[in-house]
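Atoms within a ligand are numbered from 1 in the order they appear, just like the ligands themselves. This chain uses plain numbering: 1 for the first residue, then up along the sequence.
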Amino acid sequence: MSYDPNNIFAKILRGEIPCHRVYEDEVAPAFMDVMPMVEGHTLVIPKSPSRNLLDAEAKVLGQTMAVVQRVALATKQAFGADGVQIRQYNEAAAGQSVFHLHFHILPVRDGESIRPHTGTMADHGVLAQHAALIRAALG
Ligand code: DGP
């Protein structure tokens, strides 16, 4: 299957759709997931187009993981989490619904349960507050 440049994350990258951005460099932006599985659920998406990990360039994967690590540390600090889960889905059969490579960052506290992947839309005011916490942690 080929890359569709009209997917929702490509539109976010082009600035056609708003998002609650927490970070951006030449490799990848990070922004709040609108259907968070936990408080602070953030997405990192490389600027370079690929459907998912399976068709991404190895160099892009390496560069993107450095951003994932940086944002993971910030979400952990911002939400007082005890750990961070990284999730990434490849193709619909494996749970992928947006076909531009992305990494889910889930800061998790001890004993906290993670909501289902296909959740409900969060309040935008709350997402804005959470994004501000992560930006502050990023310094
Ligand atoms: P998946 O492709 O299954 O890894 O999940 C896509 C995720 O993207 C899902 O957690 C919900 C989130 N999402 C879907 N549409 C939007 C959107 O327009 N903006 C943002 N920020 N997140 C979105």
Is there a donor-acceptor pair closer than 3.5 Å between any side-chain N or O of Glu112 and the backbone N or O of Arg109?
-> yes
Can you run down the ring-ring contact (aromatic ring centres under 6.0 Å, His included) pairs that involve residues 119-139, sequence neighbours left out, and say none if there aren't any?
-> His20-His124, Phe79-His130
Proximity of Phe103 and Tyr89 rings by center, below 6.0 Å = no
Show me the side-chain donor-acceptor pairs of residues 57-72 shorter than 3.5 Å, one per line, residues at least two apart or across chains.
unit_1, atom_1, unit_2, atom_2, d
Thr64, OG1, Val60, O, 2.7
Arg70, NH1, Tyr23, OH, 3.1

By side chain to side chain donor-acceptor pair (under 3.5 Å), Asn7 pairs with (sequence neighbours left out) Tyr3
Are His100 and His102 close enough that their ring centers fall under 6.0 Å?
-> no
Within the 4.0 Å heavy-atom sphere of ligand 1, strictly under, residues | Ile8, Phe9, Ile12, Phe31, Met32, Asp33, Val34, Leu43, Tyr89, Gly95, Gln96, Ser97, Val98, His102, His104, His117
